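Notes to accompany the following structure.
Basis for what follows: all heavy atoms, side chains included, without hydrogens, waters or symmetry-related copies. Each residue takes its place number in the sequence, starting with 1. This structure is a prediction, so every number in the text was calculated from the model and none was measured.
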Amino acid sequence: MAEILPQDLALEPARRLLAAGKPVAIPTETVYGLAADATNGEAVAGIFEAKGRPRFNPLIAHVSDRAMAERIAVLSPLAGRLADAFWPGPLTMVLPHRPESGIHPLVTAGLDTIALRLPRGFGRELIARLGRPLAAPSANISGRVSATTAAAVDAGLGDRIELIVDGGPTTVGLESTIIKIDGDAVTLLRPGGITAEEIEKVAGRSLSRGAKGVEAPGMLASHYAPNARIRLGAEDVRSGEALLAFGPDRAQGANLAVEVRNLSPSGDLREAATNLFAHLTELDRTNPPVIAVEPVPREGLGEAINDRLARAAAPRDTHGKRA
Ligand code: TXA
Ligand code: MG
C-alpha cells in the first residue's frame, strides 16, 4: 500500500525514492502525475508498468527551469515567447529533442521530438531538488479518468507504488494544453488548461488543429473511460441514468436521475474543468448503466472539457477496460 504524505513533508522522501529509480505520485496544477527520473530507463519503465500503459505512448518530460528545458530541447524564439508567457503553468510544448539530452528513449518512444512542461508548485521544487527532469503521465491506470486528488490516485494505483504526495485537489483539473512547434507553425495536439485563444494571442498566429491524433500516438480515442456508458449533449434524462449537469438550467426529467453532480451551477468553465474528473468518478462509483451529460459550451476551456468528455464517451478499445 502506498504511503500518502502531505506535500510539505514529502520533498525529501520523494526525492530519495526518485533517486533510487522508483515512481512517485505527485501533485501538479493540472492533474496528479506518476513521476520518475526521465534519464533512468528502468525508472521510466516502472511508470508504464504501474499504469499498464502501452509502450508506444511517449511521456512529457517535466523541468524546473528554462535552462533545464534548453539542455533537453531546442526552443525557437516563438517557443521562448510562449515559455515566458505560460511557464510555470499548464502548457506542454513538443519541440526538437537534443539527442545528447540524457533523456531515456522510452520517454520519447523513439520520436525526434520531446514534450516539455514546467509545472507550478511541488513538482517544480522536487525537480529542482533532484536536479533531473521527471517523466510524468497522469497518475491513473491507463485509459481511466485522470486523478485530481491524492485519494483518487490511491484508488487506482495505491497498491502499485510506494508514495503518493498529497497537495490537495488540483487547481486546474484538466491536463496541460499540448502544442507542437515546428518553425513558425503551432499545432494544437491536445486542448487543456490553457485555452487556444490565450496561446494565439501570445503567438500572434492561429493554431492549426489538423494533426490531432496523428502527431500524438498516445491520444487514443477512448480514454478517460468510466465503467458507465456516457451519453453526451443530453437534453433529457432517462430513468436510471446518472446526470452530469452544467449551469443553472436542468435537462428535462432531471428528477429521474439516480445521482446528480453539477460541474458548475453558475456555468463557469474554469470551475467545470476543475470538477470534471472528480465528478465523473463519483457518478461512476454509484454504478449507473449510463451517465447523461448536459451540453457544455465549446468556447475557451470548454474545448478541453468537451475533448475529455468525447474520449470518455468513445467506444472502448483494447486499452479501455470495457473491451
Ligand atoms: O497536465 C499534464 O500534462 C499531465 C501532468 C501530470 O503533467 N500529464 C499528462 O501526461 O497528461 P500524459 O502522459 O497523460 O499525456 C501526455 C500526452 C500523451 O498523449 C502523449 O502521446 C503526448 O503527450 N506526447 C508526449 N510526447 C510527445 C511527442 N514527442 N509528440 C507528440 N505527442 C507527445
Ligand atoms: Mg493521461
Side-chain angles (χ1 to χ4, degrees), residues 30-31 90 138 143-146 148 152 169-178 188-200 206-207 209-210 212-213 219-317 320 322:
T30 57
V31 298
S138 48
R144 311 302 298 216
V145 172
S146 296
T148 55
T170 62
T171 54
V172 177
L174 285 176
E175 296 88 344
S176 60
T177 302
I178 304 181
L188 180 66
L189 298 183
R190 177 178 75 182
I194 290 181
T195 66
E197 293 85 341
E198 290 173 280
I199 293 168
E200 286 172 341
S206 50
L207 300 186
R209 294 163 201 244
K212 209 168 174 179
M219 287 168 198
L220 304 166
S222 166
H223 217 99
Y224 311 103
N227 287 309
R229 209 160 57 71
I230 304 289
R231 189 163 68 81
L232 297 178
E235 307 282 358
D236 63 345
V237 179
R238 300 166 197 165
S239 169
E241 292 183 338
L243 176 63
L244 187 62
F246 175 83
D249 306 318
R250 284 299 58 73
Q252 249 181 7
N255 57 314
L256 297 175
V258 291
E259 193 76 35
V260 181
R261 292 287 182 286
N262 196 327
L263 291 171
S264 171
S266 69
D268 177 64
L269 288 167
R270 195 158 287 277
E271 180 184 25
T274 306
N275 287 329
L276 179 64
F277 292 132
H279 283 188
L280 264 180
T281 304
E282 283 165 24
L283 288 178
D284 200 37
R285 211 172 278 144
T286 66
N287 264 323
V290 175
I291 299 174
V293 184
E294 290 181 359
V296 177
R298 288 179 185 277
E299 75 254 14
L301 280 178
E303 183 175 7
I305 295 169
N306 277 290
D307 171 80
R308 303 307 186 273
L309 285 169
R311 289 171 201 271
R316 311 296 200 256
D317 56 37
R322 292 183 95 213

I need the minimum non-hydrogen distance between [X] and [Y], along with the two atoms involved.
X: G267; Y: P248; value: N-CD, 4.5 Å
X: A251; Y: A234; value: CB-O, 4.0 Å
X: G193; Y: T177; value: N-OG1, 3.3 Å

Using side-chain contact (heavy atoms from CB on, under 4.5 Å) as the criterion, point out the one residue from [options] that pairs with [X].
X: L174; options: I305, T274, T30; result: I305
X: F246; options: D268, V293, L269; result: L269
X: L244; options: L232, L283, N275; result: L283

Margin query: To the nearest 0.5 Å, what is the distance between CD on E200 and CG on L188?
Written below: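 Here the rounded value is 8.5 Å.
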Item checked: With sequence neighbours excluded, residues passing salt bridge (Lys or Arg N to Asp or Glu O under 4.0 Å) with E282 ->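 With sequence neighbours excluded, E282 shows a salt bridge (Lys or Arg N to Asp or Glu O under 4.0 Å) to R261, given in chain and number order.
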Next item on the list: Could you pull out all residues at least two apart from R250 that satisfy salt bridge (Lys or Arg N to Asp or Glu O under 4.0 Å)?
Entry: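 Scan of R250 (salt bridge (Lys or Arg N to Asp or Glu O under 4.0 Å), adjacent residues dropped) gives E294.
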Note to self: If the threshold is 4.0 Å, N to carboxylate O, is there a salt bridge linking R285 and E259?
What the structure shows: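 Salt bridge absent between R285 and E259.
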Next item on the list: For residues S264 and R270, determine if any side-chain heavy atom of one lies less than 4.5 Å from a side-chain heavy atom of the other.
Entry: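 Sidechains of R270 and S264: no contact.
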Checklist line | Note, L243 side chain near E241 side chain (heavy atom, < 4.5 Å) | finding: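 SC-SC contact between L243 and E241 ruled out.
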Margin query: Determine whether a donor-acceptor pair (N or O, by modelled atom type, separation under 3.5 Å) exists between the side chain of D284 and the backbone of L280.
Written below: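 Not confirmed, D284 side chain does not pair with L280 backbone.
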Check: Any donor and acceptor pair, going by atom type alone, linking the side chain of T148 with main-chain N or O of G173 inside 3.5 Å?
Finding: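 No; zero donor-acceptor contacts below 3.5 Å.
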Note to self: The criterion is side-chain hydrogen bond (donor to acceptor under 3.5 Å, both in side chains); which residues satisfy it with E198, sequence neighbours excluded?
What the structure shows: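 So E198 forms a side-chain hydrogen bond (donor to acceptor under 3.5 Å, both in side chains) with T195.
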Next item on the list: Could you walk me through whether S146 and E175 pass side-chain hydrogen bond (donor to acceptor under 3.5 Å, both in side chains), step by step?
Entry: CA-CA 8 Å; S146 296; E175 296 88 344; 2.5 Å; yes
